[in-house]
2 protein chains.
Amino acid sequence: MTLTELRYIVALAQEKNFSRAAERCSVSQPTLSVAIARLEDELGVQLFERGKGFVSPSLVGARVVEQAQLALEEAEKVRQIAQRGRDQLDGTLRLGVIHTIGPYLLPQLIHSLKAVAPNMPLAIEENMTANLADMLRDNDIDVAILALPFDLPGVLTRPLYDEVFKVVVPLGHRWENLPAIPPEEVAGDEVLLLKAGNCFRDQVLGACPQVSSPETDIRLGHSIGTIRCMVASGLGVSVLPEGALQHPYSNDMIRVIPFVPPEPSRRVALAWRNCFVRPKAIDALLAAVRGLDSPAYRLLV
Amino acid sequence: MTLTELRYIVALAQEKNFSRAAERCSVSQPTLSVAIARLEDELGVQLFERGKGFVSPSLVGARVVEQAQLALEEAEKVRQIAQRGRDQLDGTLRLGVIHTIGPYLLPQLIHSLKAVAPNMPLAIEENMTANLADMLRDNDIDVAILALPFDLPGVLTRPLYDEVFKVVVPLGHRWENLPAIPPEEVAGDEVLLLKAGNCFRDQVLGACPQVSSPETDIRLGHSIGTIRCMVASGLGVSVLPEGALQHPYSNDMIRVIPFVPPEPSRRVALAWRNCFVRPKAIDALLAAVRGLDSPAYRLLV
DNA sequence: GGCTACCATAGGGAACCCCTATAGATCATG
DNA sequence: CATGATCTATAGGGGTTCCCTATGGTAGCC
């Protein structure tokens with residue numbers, strides 16, 4: 001039983017004439033004759049009554065033809081779904097992003113992406129790098145935005161931008177009016193950090209080696225927002241990525257002070273499986289990043 | 001796009017592995033590989049992401065596979081419907097019958113048919129011979145029970161039984177106590193007849209040539225039941241087929257008198273298109289007639 | 001670096017599908 | 001009654017498609 005045969009019997013049931021049905025199907029009359037005879041043989045039922053001057057579906061034939069029509073419609077829907085899905089920029093893209101980027105980059109990125117791919121909504125998964133790696137591997141997300149270095153077999157990366165780190169201190173802090181701070185000055189147990197597992201925590205520790213790893217949770221924040229509040233409340237100082245310090249996040253209660261050059265920074269990149277079937281979606285994301293208009297991000301694309 | 005290809009993508013989506021999917025479909029791995037590549041090419045969409053150690057449907061692929069499953073199910077139903085329809089004795093048989101036979105034969109026939117073909121209900125069309133002929137030709141009915149002669153191109157007939165005619169007179173009629181009546185005695189304008197178009201009317205006129213064709217409707221009955229009542233009420237005499245005079249129809253108000261031999265009679269037959277696809281249904285009807293147990297019908301089968 | 005697992009590609013052979021030509025059957029017509 | 005018209009079935013050939021085995025290519029793993 002083939003879809004072609006089903007098309008044949010439907011046409012014959014409608015035309016009630018082999019020659020016309022064949023013409024409608026763009027085949028010769030014998031082709032249709034043989035195909036229908038073959039199908040009848042396969043099904044073990046005579047589907048049509050052939051009389052002189054008329055062809056008419058039998059009792060079974062009528063039911064079979066009706067069902068054949070349904071089957072053909074369903075098959076046609078397959079084609080339609082594929083047709084609609086041909087546009088790689090149509091349909092949800094599953095994006096993973098780390099906690100220290102998501103809330104600050106995505107509002108702008110999504111805005112920019114709308115211009116490039118208006119029909120590609122993002123399903124956003126905010127998580128830590130290690131979990132995003134798993135999700136990429138398991139095909140739970142399509143792409144991820146995270147900080148380099150990031151190496152995973154079968155996964156490609158492309159740098160998006162560099163983002164420098166800034167020192168943040170409470171109002172009235174002794175550094176409040178310094179024009180810049182050398183990294184080694186940021187030291188001791190006064191520095192608030194993210195909890196373990198956040199890659200940005202490790203990047204800060206790398207940039208400021210004098211910072212001691214805290215022994216209690218008191219100096220550990222769950223998120224950059226928490227850290228910011230803790231700094232504002234005078235608990236200590238911290239180091240934050242520039243993106244987290246831009247509009248619309250208020251810096252009224254804190255002072256943002258640059259490091260002395262070379263300013264420490266992190267490189268943010270896009271990551272995706274090399275076999276991902278929607279390369280144009282990657283391109284659209286890159287274009288969206290290119291369309292960002294924020295001094296906090298030093299674009300590499 | 002073929003049903004086979006749809007089966008392939010469904011299997012691949014389930015197995016997530018070309019080799020296993022191929023095995024499940026009983027084809028070689030390259031066959032499945034090529035078929036899926038071909039389908040992807042035809043649809044213009046990549047349906048699967050091929051990674052090392054995993055195969056996973058793409059966004060479109062997942063939807064296509066889902067729809068493919070629906071299409072396959074509908075196609076399978078075609079097969080099931082055909083399978084169920086293989087029994088020619090399963091499903092309604094459209095039976096036409098003339099007015100002068102239907103009400104008298106069918107109750108017994110249906111009872112007898114139940115034993116032969118319990119799953120073949122009859123859709124009964126009671127009409128006059130000419131109309132039944134049209135319906136047979138137009139495939140509005142499958143078979144007909146009517147009186148011979150009956151010739152129609154492409155239609156076969158088979159005699160079922162002979163049915164003799166009887167004279168019916170009202171109680172107190174001058175013939176009431178005659179043992180038999182010669183046909184030529186039945187004459188003049190005292191004889192009640194069916195309206196024009198009923199074949200039985202013509203058969204009576206053929207058997208009793210002395211009967212004058214009435215000029216007014218006063219002596220014309222719409223049905224045998226009407227005629228019987230008219231006779232009972234004393235309006236005249238008539239000639240009726242023996243089947244219409246048997247149990248459970250009451251003959252209390254009339255006298256039934258045989259003709260002198262050779263009794264006039266009619267030959268009742270089964271008629272069907274020679275291309276009718278359910279010959280076993282014909283056989284079942286013949287068997288049902290054979291199973292009749294009524295002295296009114298002199299079986300020929 | 002070799003091994004393993006897995007999918008893609010190549011090439012040959014068989015099956016299938018469709019074609020044209022023609023036969024066969026029935027009905028209408030002269 | 002022969003003839004023609006109409007319609008479906010059959011025959012035989014040709015081209016495509018499908019599927020096979022064998023092999024290549026690539027990534028991951030020990």
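Sequence lines set the chain letters: A, B, ... in the order given, protein chains first and strands last, and positions in each chain run from 1. Since the structure is predicted, the reported quantities are computational estimates derived from the model, not experimental observations.
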Checklist entry - For B:E49 and C:dC6, what is the distance between atoms CD and P respectively, to the nearest whole Å? => result 18 Å

Next on the checklist: Strictly below 4.0 Å: does B:S33 bring a side-chain N or O up to OP1 or OP2 of C:dA8?
Outcome noted: yes

Checklist entry - Think A:N17 has a side-chain N or O under 4.0 angstrom from the OP1 or OP2 of D:dT6? => result no

Checklist entry - Roughly, in whole Å, what's the span from CG in B:D151 to C1' in C:dC27? => result 15 Å

Checklist entry - What does nucleotides 16-30 of chain D look like as a protein-contact string, B for base, S for sugar-phosphate only, - for none, at under 4.0 angstrom between heavy atoms? => result --SSBBB---BSS--

Next on the checklist: Going by salt bridge (Lys or Arg N to Asp or Glu O under 4.0 Å), name the residues that satisfy it together with A:E125, two or more places apart in sequence or in a different chain.
Outcome noted: none

Next on the checklist: Please enumerate all residues that pass side-chain hydrogen bond (donor to acceptor under 3.5 Å, both in side chains) together with A:S265, with sequence neighbours excluded.
Outcome noted: none

Checklist outcome for this item: Residues at least two apart in sequence or cross-chain that pass salt bridge (Lys or Arg N to Asp or Glu O under 4.0 Å) with B:R63, listed by chain then number, are none

Checklist entry - Residues two or more places apart in sequence or in another chain: which of them pass salt bridge (Lys or Arg N to Asp or Glu O under 4.0 Å) with A:E126? => result none

Checklist entry - Quick one: A:Q46 CD to D:dT8 P, roughly how many Å, whole number? => result 14 Å

Checklist entry - Can you tell me how far C1' of C:dC16 sits from CG of A:L39, to the nearest Å? => result 15 Å

Checklist entry - Between A:I36 (CD1) and D:dA9 (C1'), how many Å, whole number? => result 13 Å

Checklist outcome for this item: On DNA chain C, more 5' by nearest nucleotide between B:R20 and B:A37 is B:R20

Checklist entry - Can you check whether B:S19 has a side-chain N or O nearer than 4.0 Å to OP1 or OP2 of C:dC6? => result no

Checklist outcome for this item: Rounded to whole Å, the CZ-P distance (B:F48 to C:dA8) equals 11 Å

Checklist outcome for this item: When rounded to whole Å, the CE to P distance for the pair A:M1 and C:dC16 reads 16 Å

Item to check | Residues B:E76 and B:R79 bridged, charged N to O under 4.0 Å | outcome: yes

Checklist entry - What pairs with B:Y161 under ring pair (Phe, Tyr, Trp, His ring centres under 6.0 Å), at least two apart in sequence or on another chain? => result B:Y297

Item to check | B:E23 with B:R20: basic N within carboxylate O range, under 4.0 Å | outcome: no

Checklist entry - Whole Å only: how far is the NZ atom of A:K16 from the P atom of D:dC7? => result 15 Å

